[in-house]
Amino acid sequence: MKSANCSDFIIGGLALSLLALSLSNGIGLSFDFSLLLQGGEYIKENGLDNLFEVGAFRAKPPLFPIFLYLLDNNILLIAWSNFLFYACSLYLSFYLVNQIITDLSYRILLISTIALSAPLLLIYSFLLPEPIFMVIWYIHLIALFRMLKQTTVRWAATLLITSVLLIGIRHIGIVFVAISGSFLLYHLRKSTFRIWSIVNFLVLLFLFLLWQFLLHNHVGHYERLDHFSGVDIIGNTIQVAIHFTKWFFPSTGIIAIDLIISLITISCIVYLVRLSITQSNSNVPFNYFLATLLLVFPVFIILKGDLIYSDIERYLSIIYFPLFLLINSGLQQFQSKFSLHKNIIVFTYAIWLLYPMARIVNNVLLWSGFGK
């Protein structure tokens with residue numbers, strides 16, 4: 001196990017300072033949080049009986065309103081609790097980086113990308129379940145990483161528990177659980193743990209479908225189960241590609257040019273991802289999983305359609321960390337394959353990193369009130 005570097009603490013401290021500054025201008029109440037807060041109030045007054053009587057449980061899974069109830073629906077306490085969860089998520093992501101990326105320079109660049117770029121911060125709202133969700137997501141990734149190296153009951157149990165929590169915190173969790181569960185089923189198909197993986201997958205699928213059945217049975221109609229009606233595959237693909245590319249380059253405002261930039265960027269990423277899964281080391285099975293995740297999740301968003309009009313970049317940001325794990329792994333292979341001097345790639349990467357860092361600084365200035 002590689003230990004944490006001094007740079008990890010410095011970069012992590014800077015990221016947390018920026019987040020604390022973001023909170024200095026007060027906390028805005030979104031519609032979603034108000035709805036979740038109603039769920040917490042309902043539990044406080046009525047317990048867990050007849051949950052579907054309140055809109056929060058018709059629209060959201062139950063675990064985060066329960067968390068709000070445990071914090072007595074105290075908004076300030078909720079915000080700073082989520083801040084602590086964000087700090088935990090940084091630690092967990094840094095831990096996984098230190099296990100996978102061997103070169104110190106690439107590790108520092110990747111950790112800087114994770115901690116100091118806009119896409120990651122996009123998914124952390126201090127009055128929503130995102131920080132908790134991401135902590136569980138990173139533990140889930142670490143458990144899967146360990147399972148693919150050496151299957152043990154401890155890590156299998158961790159994977160099951162985190163899967164249940166992901167589904168119980170956000171509906172989108174079922175997508176990630178389905179992808180990781182399917183991949184593990186395939187990977188362990190000849191292992192003595194295959195029965196565990198099958199039961200794990202079926203139990204999680206049953207829990208999700210049971211909640212959906214109870215929800216729609218109580219509401220009295222099943223129209224909301226048709227998640228893929230009227231899908232515009234071409235239009236949605238273009239939107240996903242353009243929003244995806246905003247992580248890497250600023251938009252020109254001209255769709256044709258942005259689309260060309262998107263195609264070039266995605267082609268380069270596909271090449272680097274391919275390099276990351278053709279190397280010969282023990283991390284390759286996990287890299288294959290990450291590559292599968294990066295392929296399946298955007299396709300899900302394209303087919304789902306309605307996510308494109310409800311903060312698409314925020315949804316896509318959940319795969320930002322796995323994406324850059326593969327990019328950095330691929331860059332190391334690229335350097336070796338073409339016998340390039342490491343400083344050339346590191347310098348180019350560092351120059352590019354100024355763009356996502358500029359985005360996050362701009363956002364923090366706006367959120368903190370200094371940008372007005």
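In what follows, residues are counted from 1 in the order of the sequence shown.
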Would you check if M147 and L188 make a side-chain contact, meaning some heavy-atom pair closer than 4.5 Å? yes
Heavy-atom check, side chain of I312 versus side chain of F244, under 4.5 Å: no
Side-chain heavy atoms under 4.5 angstrom apart, residues restricted to Ile, Leu, Val, Met, Phe, Trp, Tyr: same cluster for V284 and L144? yes
Give, for atom CD1 of I319 and atom CG of L293, the distance between the pair rounded to the nearest 0.5 Å. 6.5 Å
Is a donor on one side and an acceptor on the other found under 3.5 Å between the side chain of N287 and the backbone of S276? yes
Examine the side chains of K304 and N236 and answer whether a donor and an acceptor come within less than 3.5 Å of each other. no
Can you confirm whether I169 sits close enough to F67 that some side-chain heavy atom of one is under 4.5 Å from a side-chain heavy atom of the other? no
How about F206: does its CZ atom have over 12 heavy atoms from other parts shown lying under 6.0 Å from it? no
Would a 4.5 Å heavy-atom cut-off, applied to side chains only, mark L148 and N283 as touching? no
Would you say L184 ends up clustered with I179 if hydrophobic residues are merged whenever their side chains have heavy atoms under 4.5 Å apart, either directly or through other cluster members? yes
Parallel, tilted or perpendicular: which one describes the rings of F324 and Y320, with boundaries at 30° and 60°? tilted
What's the shortest heavy-atom distance between F201 and S182, and which atoms? CE1-OG, 3.6 Å
Please determine whether residues L141 and L295 belong to a single hydrophobic cluster, defined as Ile, Leu, Val, Met, Phe, Trp and Tyr linked transitively by side-chain heavy-atom distances below 4.5 Å. no
May I ask you to check whether W80 and Y86 place their ring centres under 6.0 Å from each other? no
Can you list, pair by pair, the side-chain donor-acceptor contacts under 3.5 Å of residues 345-358, counting residues two or more places apart and other chains?
residue, atom, partner, partner atom, Å
T348, OG1, I344, O, 2.8
Y349, OH, T113, OG1, 2.8
Y349, OH, N328, ND2, 3.3
W352, NE1, F248, O, 2.8
Y355, OH, K246, O, 2.8
Y355, OH, F249, O, 3.3

Do R194 side-chain atoms and S191 backbone N/O form a donor-acceptor pair below 3.5 Å? yes
Can you tell me how far the CG atom of L110 sits from the CD1 atom of I114, to the nearest 0.5 Å? 4.0 Å
Can you check whether S7 reaches I111 side chain to side chain, under 4.5 Å on heavy atoms? no
Within the structure provided, determine whether T245 and D258 are in side-chain contact (heavy-atom separation under 4.5 Å). no
Spell out, as yes or no, whether a donor-acceptor pair under 3.5 Å connects the side chain of N74 to the backbone of L77. yes
Is the distance between the ring centroids of F94 and Y91 under 6.0 Å? no
Would you please name every residue forming a side-chain contact (heavy atoms from CB on, under 4.5 Å) with N46, sequence neighbours left out? Y42
Set of residues satisfying side-chain contact (heavy atoms from CB on, under 4.5 Å) with respect to T152, sequence neighbours excluded: Q150, R154, W155
For I234, what are the other residues in its hydrophobic cluster, where any two members join if their side-chain heavy atoms are less than 4.5 angstrom apart? I238, I242, I255, L259
Hey, mind stepping through I108 and D8 against side-chain contact (heavy atoms from CB on, under 4.5 Å) and telling me if it holds? CA-CA 7 Å; I108 292 175; D8 295 1; 5.8 Å; no
Taking the side chain as C-beta and beyond, is there a heavy-atom pair between L96 and L92 under 4.5 Å? no
Taking atom types as modelled and ignoring hydrogens, do the side chains of Q335 and Y106 form a donor-acceptor contact shorter than 3.5 angstrom? yes
If you look only at pairs with a residue in residues 86-99, which of them pass as a salt bridge (Lys or Arg N to Asp or Glu O under 4.0 Å), with sequence neighbours excluded? none
Can you tell me which residue pairs pass the salt bridge (Lys or Arg N to Asp or Glu O under 4.0 Å) test with a partner in residues 70-84, sequence neighbours excluded? K44-D72
Under the side-chain contact (heavy atoms from CB on, under 4.5 Å) rule, collect the residues that match up with I257, sequence neighbours excluded. T252, I254, I261
Please confirm whether the ring centroid of F57 lies under 6.0 Å from the ring centroid of F52. no
Starting from the C-alpha separation in whole Å, work towards a yes-or-no answer on side-chain contact (heavy atoms from CB on, under 4.5 Å) for D32 and L127. CA-CA 9 Å; D32 280 350; L127 295 178; over 6 Å; no
Mind listing the closest non-hydrogen atom pair of V135 and F85 along with its distance? CG2-O, 3.0 Å
Do the side chain of S336 and the main chain of Q333 share a donor and acceptor less than 3.5 angstrom apart? no
Which pairs of donor and acceptor atoms, one on a side chain in residues 159-168, lie under 3.5 Å apart (sequence neighbours left out)?
residue, atom, partner, partner atom, Å
T162, OG1, H140, ND1, 2.9
T162, OG1, T158, O, 2.9
T162, OG1, L159, O, 3.0
S163, OG, L159, O, 2.7

Considering only residues two or more places apart or on different chains, which pairs with a residue in residues 320-346 satisfy salt bridge (Lys or Arg N to Asp or Glu O under 4.0 Å)? D103-K342
Test the R170-F133 pair against the cation-pi criterion, namely NZ or CZ under 6.0 angstrom from the six-membered ring centroid and within 45° of the ring axis. yes
No-hydrogen, no-angle side-chain donor-acceptor test under 3.5 Å, T102 and Q332: yes
Which residue, L272, L290, I100, forms the side chain to side chain contact (heavy atoms under 4.5 Å, CB included) with L326? L290
With a cutoff of under 4.5 Å between side-chain heavy atoms, which Ile, Leu, Val, Met, Phe, Trp and Tyr residues group with I264? I260
According to a 4.5 Å side-chain heavy-atom criterion applied to Ile, Leu, Val, Met, Phe, Trp and Tyr, with indirect links allowed, do L76 and L21 form part of one hydrophobic cluster? yes
Tell me every residue that passes salt bridge (Lys or Arg N to Asp or Glu O under 4.0 Å) with D49, counting only those two or more places apart in sequence or in another chain. none
Verify the cluster assignment for V199 and Y186: are they in a single hydrophobic cluster under the rule of side-chain heavy atoms below 4.5 Å apart? no
Using the side-chain hydrogen bond (donor to acceptor under 3.5 Å, both in side chains) criterion, which residues pair with S329? Sequence neighbours excluded. Q279
Is there a donor-acceptor contact under 3.5 Å from the side chain of H187 to the main chain of F183? no
Gap between atom OH of Y138 and atom OG of S93 - 0.5 Å precision: 5.0 Å
So F289 and P322, do their side chains get closer than 4.5 Å, heavy atoms only? no
